[in-house]
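None of the values given here were measured: they were computed from a predicted structure. Residue indices begin at 1 and follow the sequence shown.
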Amino acid sequence: MDPSNAAPDGSPTASSIEPLLDDLHRVVRAVLERVPADGGDGPRLVDVLAAHLGVEPRALAVVAQPVPPHRMVDADLALTEISEGDPDRSVVGIAGDMRHHMSLGDLVQGLHGSGLPVGQVDYDRMPTGPGKDDRRQVVTSGIRLFRFEGTPVAVRQQGANRQFGREVGSLEVICAARDLSEALMARVQQLMDERSILRGQVVTFGSDPYGPGISGVTFVARPTVDAGAVVLPQGLLERVANHVIGMGEQRERLLAHGQHLKRGVLLYGPPGTGKTHTVRHLLSATPGTTAVLLSGGSLQFVHDAAKVARAHQPAMVVLEDCDLVAEDRSFSMGGSPLLFEVLDALDGLDADADVAFVLTTNRVEDLEVALSQRPGRVDLAAEIPLPDLEGRLELLRLYGGHLFGHEAMSAAAARTEGTTASFAKELVRRAVLAAALVDEPPADDHLGLALDELLSDAQRLTRSLLGVGSGEPAGGRDDGLPGGPIVGPAGFPHRPGRSISMFGYSPDGGVTYSG
């Protein structure tokens, strides 16, 4: 080393190190050139790309786009459709594990010695619907070679793979004209939305226990629940259905008169009265509508649900037990971040978006006022109450009319004041079980025995789980005496000192509130 390039203490300076680094780089490069590439003597990927593109790929720009895991099938469908216009299209793979750690730009630069050779194409069977045979082979590591608008292009498909640190997939396009790469990517995105496997499906997002973001989408078979299987007070189901379904059916007329399509419906009432059953009917009555179901931990994906709904209209977003994240902020230390996510999602859609938000809650008195009272978030609130005598009889007919006589069911309905729809369903099941245990066909006596058991003191917890009071008279205690919760209107536990939201039509189409 030249002493003139040394520091006063004798250590080398930056200028003296640079030539050494250049020499080291040349030595390493020479060593890598002599190391056999993974995959043996196959053609190098960079040579295959050069032959297809007609130019040296190292000088070309790469246009990339991330692809969420649940959109990988959409991307594969779009690219397959676009490339089918070229009869000479092909798909090549990349050999060696290094392919998982390198971008397309890295691959064409030959940073791994003389360059990785062509190898196998990786595929993954991904779901396309709720059926066990609803699957598609999707390219998760490969490069499609075809002509787009007469120009050779190469598109690399790469799926998400947590093992190699990839939380999302990606598409990378390279061709001689960057403008064409941008046009191809735009066409892919358009077809992903138009041909999406999510369109018209019922899906739910699952939480990821190993990291943030969406781990995937679960397809749910669309339920089959006709209006006759929903027992509600006269006219209530029609009101809800007209708001959720009828508004979408009258889309053109509403828009022609300057009316918005985005709507929110709140179904509230005690547990077990039929809120979820009503939602199942709405899903059944809207074939072809995209529906996203969120409940519990999956409520954190409400923004992603809103994006899916916006892209695949007409759509429905169901938020079950929304009180879990929308409790009134006046009763807590500040607002819940998840609550703000829900509010932002409700506000974020355009007014002409054909999207219905359907929310359910068991605790309407605790519901966040900002969620329940502002028009445009919730513009119809419908109470799903405890069934009356006729309703309880109708429920017994629905679940056990083919098993028991009218008199037995009428007597059971009269004895079950204050019970829920789920109670009636469980009563019929218990009666059938009672008959099976004595090896007899179900009869009226078994219905009576099952009801006696469910109403006994020993079944107090069971009745509570089915949405019935803990042994108090129907409707619960209302005298404030010890022995049970004070129950207010519609059977909701009354909490002194808290305001109660009273839902009904207001002049501006929203809901009203009183302290």
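Counting only heavy atoms from C-beta outward, the side chains of F423 and L451 approach each other to under 4.5 Å. Taking 4.5 Å as the limit, some side-chain heavy atom of V225 sits within range of a side-chain heavy atom of H277. Side-chain contact check for Q157 versus V67: every heavy-atom pair is 4.5 Å or farther apart. L191 places none of its side-chain heavy atoms less than 4.5 Å from the side chain of L77. Residues L236 and I384 have side chains in contact (heavy-atom distance under 4.5 Å, counting atoms from C-beta outward). You'll find the side chain of V355 stays beyond 4.5 Å of the side chain of R310, heavy atoms only. With a 4.5 Å cut-off on side-chain heavy atoms, V231 and P387 do not count as touching. Looking only at side-chain heavy atoms (C-beta outward), D379 and H243 come within less than 4.5 Å of each other.
Residues satisfying the side-chain contact (heavy atoms from CB on, under 4.5 Å) test with T128, not counting sequence neighbours, are V73, D134, R136, I197. Not a single salt bridge (Lys or Arg N to Asp or Glu O under 4.0 Å) links R89 to another residue, sequence neighbours left out. Scanning for side chain to side chain donor-acceptor pair (under 3.5 Å) contacts around R195 gives E81, with sequence neighbours left out. Taking S410 as the reference, L393, H406 meet the side-chain contact (heavy atoms from CB on, under 4.5 Å) condition, with sequence neighbours excluded. Every side chain to side chain donor-acceptor pair (under 3.5 Å) that E394 has, sequence neighbours left out, goes to R397. For V203, the side-chain contact (heavy atoms from CB on, under 4.5 Å) test picks out L198, Q201, V217, F219, V292, with sequence neighbours left out. Partners of Q190 under the side chain to side chain donor-acceptor pair (under 3.5 Å) rule, at least two apart in sequence or in another chain, are R187, E194. Under the side-chain contact (heavy atoms from CB on, under 4.5 Å) criterion, L449 pairs with no residue, sequence neighbours left out. Taking the ring-ring contact (aromatic ring centres under 6.0 Å, His included) definition, one finds that H100 meets it with F164, sequence neighbours left out. Under the rule for a side chain to side chain donor-acceptor pair (under 3.5 Å), the partners of H312 that lie at least two apart in sequence or sit in another chain are S196.
Rounding to the nearest 0.5 Å places CE of M247 at 14.5 Å from CZ of R253. Distance CG/L359 to CD/E320: 10.5 Å, rounded to 0.5 Å. The line from OH of Y268 to CG of N362 is 13.0 Å long, rounded to the nearest 0.5 Å. With rounding to the nearest 0.5 angstrom, the CD atom of E167 is 10.0 Å from the CG atom of N161. The distance from the CD atom of Q189 to the CG atom of D74 is 9.0 Å, given to the nearest 0.5 Å.
Residue pairs meeting the side chain to side chain donor-acceptor pair (under 3.5 Å) criterion with at least one member in residues 280-295, sequence neighbours excluded, do not occur.
A311 approaches D193 most closely through the heavy-atom pair CB-OD1, 4.4 Å. Between Q158 and R156 the shortest heavy-atom distance is NE2-NH2, 3.2 Å. For the residue pair G142 and V121, the shortest heavy atom distance occurs at CA-CG1, 4.4 Å. Of all heavy-atom pairs spanning T420 and P271, the tightest one is CG2-O, 3.4 Å. Minimum heavy-atom separation, T140 to M126: CG2-CE, 3.9 Å. Between L447 and A431 the shortest heavy-atom distance is CA-CB, 3.8 Å.
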task = Step by step, work out the side-chain contact (heavy atoms from CB on, under 4.5 Å) result for K275 and V279.
result = CA-CA 6 Å; K275 297 182 293 297; V279 169; 5.9 Å; no
key: Chi angles and distances behind the side-chain contact (heavy atoms from CB on, under 4.5 Å) call for L386, T419   = CA-CA 7 Å; L386 294 170; T419 62; over 6 Å; no
task = Please report the C-alpha distance between E417 and R392 in whole Å, then the side-chain angles of each, then the deciding distance to 0.1 Å, and finally whether the side-chain contact (heavy atoms from CB on, under 4.5 Å) criterion is met.
result = CA-CA 8 Å; E417 183 179 357; R392 295 193 298 276; 3.9 Å; yes
task = Check the pair L79 / L171 against side-chain contact (heavy atoms from CB on, under 4.5 Å), numbers first and verdict last.
result = CA-CA 10 Å; L79 283 170; L171 298 179; 3.8 Å; yes
Show me the side-chain donor-acceptor pairs of residues 435-445 shorter than 3.5 Å, one per line, residues at least two apart or across chains.
{"unit_1": "E440", "atom_1": "OE1", "unit_2": "H446", "atom_2": "NE2", "d": "3.0"}
{"unit_1": "D444", "atom_1": "OD1", "unit_2": "G405", "atom_2": "N", "d": "2.8"}

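For CD of E84, the number of neighbouring non-hydrogen atoms (other residues, nucleotides, ligands) closer than 6.0 Å is greater than 12. Annotation for R429: atom CZ does not count as buried by contact number, only 12 or fewer foreign heavy atoms lying within 6.0 Å.
A salt bridge links R415 with D452: at least one charged nitrogen is closer than 4.0 Å to a carboxylate oxygen. A salt bridge links R144 with D76: the distance from a Lys NZ or Arg NE/NH1/NH2 to an Asp or Glu carboxylate oxygen falls below 4.0 Å.
Looking at T204, its side chain does come within 3.5 Å of a backbone N or O of L293 through a donor-acceptor pair.
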